[in-house]
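Note sheet for the following structure.
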Amino acid sequence: MRKVNWILEENTFIEDLNPISKEIESQGMIPHQISYNPINNFSKINVKDSDCIISCGSLHTISRIQRRQPWIPGTFANFKNFECSTYYAYYGNYLLNTNYVMLPLSEAIRNFEFFTKIFGRMFIRPNSGFKQFTGQEFVLNTFQNNRFGPDDMLVVISPFKEITEEIRFFCTKEGVITGSTYGNIQNRVDCSDPKYSIPVLFTNKVLQKVNWKPDSIFFMDIAMIHNLPSLLELNSFSCSGWYSCDPKLIIQEASKFALEEYNELN
């Protein structure tokens, strides 16, 4: 059986890569830990272009791999699909904020008072999965006095809501595999644990109802307001932290999909 090479960028996410690398090895795969390098000399990595390769790292590194390396699959990060303007079209009914406005940043600032009358407290985030700034409460002075991005950067404005808990689920086209709470507390989510049955059932329902998927494997962030789940956002596999998700299950499933894509194209 062909082995999957895993390229893991150090100091990008909060996870310790050493146990992840050990788990990759225990499954018969090959880990490669690399340091962030703005030039990214990938020739120094001990892989061949003909190998089956998965990469996980910063947006910069993953973007350069997509542009410069012929690796298969190389990355699981279809950036266009992780823009709000793309996936909201399919998952709109399940969003935390089904009511939102999408417009250029300068227009959001200019119309701040108008939107305040509609929404009250507001939340703002970039449309792009590159997340030029962290989603946050939309406070006028903050955005007037700081450079968050170009005037024409597309942003999403929606009512501000207090979230009780946030859960990240690793998903395939077939459903939820493993998960983790995040924020102040990170706990592994066992999908068979009745304690998490509501968000797990909700996420699987969404995946069954919506035929369109952003990628073969990806992350779904679920917001809990008490016992009511809703979709917070979708994130690419290659550019997302795993938090306390079960690495064994992630590596097992991701390697399977990587080999399937590799074999299809070879």
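We use all heavy atoms of the structure for the numbers below, so side chains are in, but hydrogens, waters and symmetry mates are not.
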Practice problem: Step through it carefully: locate the ring centre of Phe13, locate the ring centre of Tyr243, and say whether they are under 6.0 Å apart. | Solution: no
Quiz item: Residues in salt bridge (charged side-chain N to carboxylate O under 4.0 Å, His left out) with Arg147, at least two apart?
Solution: Asp151
Exercise. Could you give me the CA-CA distance, side-chain angles and deciding distance for Glu10 and Ser35, then say whether side-chain hydrogen bond (donor to acceptor under 3.5 Å, both in side chains) is met?
Key: CA-CA 5 Å; Glu10 299 166 341; Ser35 299; 3.1 Å; yes
Quiz item: Okay, side chain of Ser244, backbone of Arg188: is any donor-acceptor separation there less than 3.5 Å?
Solution: no
Quiz item: Hey, would you say the Phe143 and Phe133 ring centroids sit under 6.0 Å apart?
Solution: yes
Practice problem: Would you please indicate if the ring centroids of Phe219 and Phe170 are separated by under 6.0 Å? | Solution: yes
Quiz prompt | Asp49 and Trp71: side chain donor to acceptor below 3.5 Å | solution = yes
Quiz item: Any side-chain donor paired with an acceptor under 3.5 Å for Asn5 and His32?
Solution: yes
Self-check item: Side-chain donor/acceptor of Ser238 to backbone N/O of Ser55, under 3.5 Å
Solution: yes
Quiz item: Taking atom types as modelled, is there a side-chain donor on Thr116 or Glu113 under 3.5 Å from an acceptor on the other?
Solution: no
Quiz item: Step by step, would you call Arg168 with Met220 a side chain to side chain contact (heavy atoms under 4.5 Å, CB included)?
Solution: CA-CA 6 Å; Arg168 171 161 293 180; Met220 293 183 74; over 6 Å; no
Quiz item: So, are Glu253 and Lys173 salt-bridged, with charged N and O less than 4.0 Å apart?
Solution: no
Quiz item: Is the count of non-hydrogen atoms from other residues, nucleotides or ligands lying under 6.0 Å from Lys248 atom NZ greater than 12?
Solution: no
Quiz item: Can we call the ring centroids of Phe138 and Phe123 under 6.0 Å apart?
Solution: no
Quiz item: Quick one: do Arg121 and Glu162 make a salt bridge, cutoff under 4.0 Å?
Solution: yes
Quiz item: For the residue pair Phe82 and Phe218, does the interplanar ring angle fall in the parallel (under 30°), tilted (30 to 60°) or perpendicular (over 60°) class?
Solution: tilted
Quiz item: Asn81 and Asp215: side-chain donor and acceptor closer than 3.5 Å?
Solution: no
Quiz item: Quick one: do Arg110 and Glu107 make a salt bridge, cutoff under 4.0 Å?
Solution: yes
Quiz item: For the ring pair Tyr87 and Trp212, is the centre-to-centre distance below 6.0 Å?
Solution: no
